[in-house]
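These notes concern the structure reproduced below.
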Protein chains: 2
Amino acid sequence: MNINKKNARLNFSCCREGRLRGCFNRSGGRITGPRRAIVDFFHHEKGHFTAEEVFAKLALRYPGLGIATVYRTLSALSSSGVLNRFDFGEGKAKYELSDGHEGGSHHHHLVCSNCGKIMEYYDFMDEERDFFNKIEKTLSNRHNFLIKGHSLHFYGFCEKCKKENREVK
Amino acid sequence: MNINKKNARLNFSCCREGRLRGCFNRSGGRITGPRRAIVDFFHHEKGHFTAEEVFAKLALRYPGLGIATVYRTLSALSSSGVLNRFDFGEGKAKYELSDGHEGGSHHHHLVCSNCGKIMEYYDFMDEERDFFNKIEKTLSNRHNFLIKGHSLHFYGFCEKCKKENREVK
DNA sequence: TTTTTTATTGATATTCATTATCAATAAGAT
DNA sequence: ATCTTATTGATAATGAATATCAATAAAAAA
């Protein structure tokens, strides 16, 4: 079953029509094979991926896919709030499912300023959830901003770099 | 008084020798005109700047400055935790003084996923401060990570984009 | 101070992530 | 089934960031 054959459809269990309409169709956008595949990708894989990484993984089951389409779709999904776009200083953007979005697994990042290592943590304190609920409500009102998600990065030095550089380079 | 004339020195009020040593010299790095100028720049200007913007501003009073040096210095200052490097989806990195660093004016960001507008807010709730004090302590211990600063970005839609797109594009 | 060593600089070539272009295709409307 | 046009894939173009390298100047040594 090849997605780019005429009328072929990917049929992942989580790939409900409603979600795709929410991502694309409501605003007049068309639901296509590549878009279907990319939205599904982010609902099945955990973590953050570059455009190249998304392309490489999807190309296996979708031989006709073009890298430009991946860039375009990631950009569109980011604009519509489905994905969040991050840059961790690696020279290329990474995308992950927005925490506001259905299925989004919320987490925060620890980024080593020296070696660039990225650690994720999922172990939230209840306090953390309460904090964000409250602050997002306050900010929405105060700045007339519709908040769809957030990213919290802590910068510093990982265990290894902390040891190696007593005096930071 | 031109900084790249032999032995010339910028002499900004905030440009204390100690700070520059902290940024560069402790680790064997040399204190040079360009580095002096760039560190000073971030202690005088508020907000976040691209390499090009830093270069353009400094080139006025420092005609000999090269763009490559700006990139190199920003990168080094970021690695050492003096600056934080952000990407707001504009295709180029922005740098700002790390909040952990002397003189750093701490703030968070609201980023419009549609038009890219970036809003800063400085008006923190007490709750917000307490939260970060506590969580940074917890995370440091739990993940053996030396935290020097953090960035909190809220993604969503600004007032204008909220109105214009009843159904989000 | 003068000399020596070598990290840093500025100019510029290069890399590579991302975007623009455009003819061909196919999604959704009629 | 046909029509309209948004989307696609291939690839050329752009541009931010990095690598290269001879010249320079900061810090150390004499």
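Quick note on labels: first sequence line is chain A, next is B, and so on, each numbered from 1. Side chains are part of it too, since the values below use all heavy atoms of this structure and drop only hydrogens, waters and symmetry mates.
Out of C:dA27, C:dT18, C:dT9, the shortest distance to the side chain of A:K92 is found at C:dT18. Checking C:dG28, D:dG9, C:dT9 against the side-chain heavy atoms of A:R30 singles out C:dG28 as nearest. Of the candidates C:dT18, D:dT8, C:dG10, the closest approach to any side-chain atom of A:P34 belongs to D:dT8.
Ring geometry, A:H143 versus B:Y121: the interplanar angle falls from 30° to 60°, so the pair is classed tilted.
For B:R72 and D:dT18, the CZ to P distance is 11 Å, given to the nearest whole Å. The nearest whole Å value for the distance from the CD atom in B:E53 to the C1' atom in D:dG15 is 15 Å. The distance from atom CZ of A:F55 to atom P of C:dC16 is 17 Å, rounded to the nearest whole Å. Atom CG in A:L74 sits roughly 15 Å away from atom P in D:dT7 (whole-Å rounding). Taking atom CZ on B:F49 and atom C1' on D:dA17, their separation rounds to 20 Å, with Å as the unit. One interatomic measurement links the two molecules: CD1 of A:I67 to P of D:dT11, which rounds to 14 Å at whole-angstrom precision. A straight line from CD of A:E90 to C1' of C:dC16 spans 15 Å, rounded to a whole angstrom. Nucleotide C:dT9 holds its P atom 12 Å from the CD1 atom of B:I31, rounded to whole Å.
Qualifying side chain to side chain contact (heavy atoms under 4.5 Å, CB included) partners for A:K92, counting only residues two or more places apart in sequence or in other chains: A:T50.
Between B:F86 and B:H48, a ring centre-to-centre spacing not shorter than 6.0 Å is recorded. Between A:H108 and A:F132, the distance from one ring center to the other falls under 6.0 angstrom.
Taking each heavy atom of B:Y62 and B:G33 in turn, the nearest pair found is CE1-C, 3.9 Å.
A donor atom on one side chain and an acceptor atom on the other are found under 3.5 Å apart for B:R72 and B:T69.
In this structure, the side chain of B:R85 does not engage the main chain of B:A93 through any donor-acceptor pair within 3.5 Å.
Taking five base pairs at each end of the helix from C:dT1-D:dA30 to C:dT30-D:dA1, the local helix axes there meet at an angle of 50°, rounded to 10°.
An OP1 or OP2 oxygen of C:dG10 is reached within less than 4.0 angstrom by a side-chain nitrogen or oxygen of B:Y62. Side-chain nitrogen and oxygen atoms of B:T32 include at least one within less than 4.0 Å of the OP1 or OP2 phosphate oxygen of C:dT9. Here B:R35 reaches the OP1 or OP2 of C:dT8: one of its side-chain N or O atoms lies under 4.0 Å away. For the pair B:Y71 and D:dA17, the criterion of a side-chain N or O lying under 4.0 Å from OP1 or OP2 is met.
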